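The structure appears right after this line, and notes come after that.
Every number for a ligand or one of its atoms is a count from 1 in the order of the listing. Predicted model only: the values in this text are computed from it and were never measured.
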Amino acid sequence: MNEQLKYDLEHLKTLLEAVKHQGLDYLNHLNDRPTSKKDSELEFSELREAGIGGLEALNLFNKKFENLIVGAPGPRYLGYVIGGTTPASIMGDWLATVYDQNPQTINAQGDISMLIEKETIRLLLNLFRLPDTFLGGFVTGATMSNFTCLGVARQWVGKEKGLDFAKNGLSGDIKILSAVPHSSSLKTLSMLGMGSTNFEKVKVETGNRESICMEDLLLKMEQLNGQPFILISSAGTVNTADYDDFKAISKLRKKHNFWWHIDGAFGAFAACSPKYQHLVKGWEHADSITIDCHKWLNVPYDSAVFLIKEHHNVLQMETFQNSNAPYLGNPKEDFNYLNFLPENSRRLRALPAWFSLTAYGKNGYRDIVENSVTLAKRLGEAIDKSEVFELLAPVRLNNVCFTLNGKEKNEVVGFLKRLNQAGKVYMTPTMYNNRHAIRASFVNWRTTSEDVEIIIDELQKALTND
Ligand SMILES: *Cc1c(COP(=O)(O)O)cnc(C)c1O
């Protein structure tokens, strides 16, 4: 055995204690960590002939990088849709690394980690009040979940036309309808060879909405004249957290032949609260649903699930089949995750989610969701009342979309830069109704009303701090 490895093996306790100590220090001081990076020159190192061992590597990491790490899992990091990490999720995540399993199948007799993944999917279906007619699995993020779901949707379209795209490649055009698809859905259309611009844009409802206009959807569906198509709908748009009318869409299923996909990366969590459940009413009739776990579930990166109706499992196996043998076997008996999703080898990504779901239960997630929404609405009110800011859409759930009243692009960009540079709060830019805007997304379990007061204060300061 290599000397350095041997030494570290003998000192494993010291190494892991050092990491535990450092991790605790970071987490205990998260509120004070800057939320934006410092300007600093980083010089890349070359790989050494002889390593320096774990402890010295930690020292070097601390010297080079540690004080540049931002407080992304902290309470005022509101850019994109960035979740935090619950205590139990960190426990699960550390153990997932320690156990280092590769969840695939139970039949190979190699390990049982696939059962942990299956149970975690069941817990998530409970959390979202969804039926067990969905089959699910873990992938790295909502982008890969959309990829998985739309990959099966693509195979379904082929089947409806008597074609097998997975085996023979794409042919003919694939009809896709969507109103406000997330950029990642378009990326997956490109990755899946369907083309990111090859979708037909459905109008949105009038009245400052981002939800599908049902009248226009019906019109476009009728124009397709019975051709199979894919509908990409939204449970929570990124700018204004708007929802399509799932009850109305589910009624169309009887008459129209389509694969119904819902991107609920963060918006799915409305299902956790009796106050917001109505937003996803009817979504259980969808063919596939995307849900991120590293957002509102507050587990560490990277983690998301796909949920696809189990009766599509042959299509799903055809799409992701790893074996060269054309024989698909019985999907129930020969179940192996590597035939059901893009990756072959994966980490035990379910474990952090299992720990967090088990530790905090339905009530824990109801509280997290309701707290985020209350705080987003509080910030929305403050912005709406102010003369200098303009709220661009009502705060429907957890996202606040606003801009500077009557100001142009440069001033909005400059303001956001000053706001972020101060390091107490982090927000990201967006475009909404052709306006340069700013988004704040609340999904972190740590955020409190004191944080919102700090944020309101910081917004004021950034107006003048040149
Ligand atoms: C964040 C997000 C995605 C992409 O998620 P990743 O986890 O970054 O891959 C997709 N759809 C919606 C609605 C999102 O909010």
Residue Phe266 vicinity, atoms of ligand 1 by number, heavy atom under 4.0 Å: 15 (O)
Short N-O contact, Glu205 and Arg209, less than 4.0 angstrom: no
Atoms in ligand 1 flagged as close to Val238, the criterion being non-hydrogen separation under 4.0 Å: 15 (O)
Rounded distance (nearest 0.5 Å) linking atom OG1 of Thr428 with atom CD1 of Ile438: 9.5 Å
Closest protein heavy atom to atom 6 (P) of ligand 1, given as residue, atom name and distance to 0.1 Å: Ala142 N, 3.5 Å
Atoms in ligand 1 with a heavy atom of Gly141 nearer than 4.0 Å: 7 (O), 9 (O)
Sub-4.0 Å atoms of ligand 1 with respect to non-hydrogen atoms of Asp292: 1 (C), 5 (O), 6 (P), 7 (O)
Protein contact to atom 2 (C) of ligand 1 [nearest heavy atom, distance to 0.1 Å]: Lys295 NZ, 2.3 Å
Nearest non-hydrogen protein atom, atom 11 (N) of ligand 1: Asp263 OD2, 2.7 Å
Nearest non-hydrogen protein atom, atom 8 (O) of ligand 1: Thr143 OG1, 4.1 Å
contact_flag Ala304 ligand 1 heavy-atom lt 4.0 Å: no
Note, Trp156 side chain near Asn257 side chain (heavy atom, < 4.5 Å): yes
More than 12 heavy atoms from other groups under 6.0 Å of CZ on Arg122: no
Taking atom 3 (C) of ligand 1 as the reference point, the nearest protein heavy atom with its distance: His182 CE1, 3.2 Å
Qualifying residues under side-chain contact (heavy atoms from CB on, under 4.5 Å), relative to Asn399, sequence neighbours excluded: Ala241, Phe266, Arg439, Ser441
Heavy-atom neighbours of Glu408 CD exceed 12 at 6.0 Å: no
Mutual orientation of the aromatic rings belonging to Phe320 and Phe147 [parallel < 30°, tilted 30-60°, perpendicular > 60°]: tilted
Phe269 and Tyr365 aromatic ring geometry - parallel, tilted or perpendicular at 30°/60° bounds: tilted
Interfacing atoms of ligand 1 (cut-off 4.0 Å, heavy-atom, His294): 7 (O)
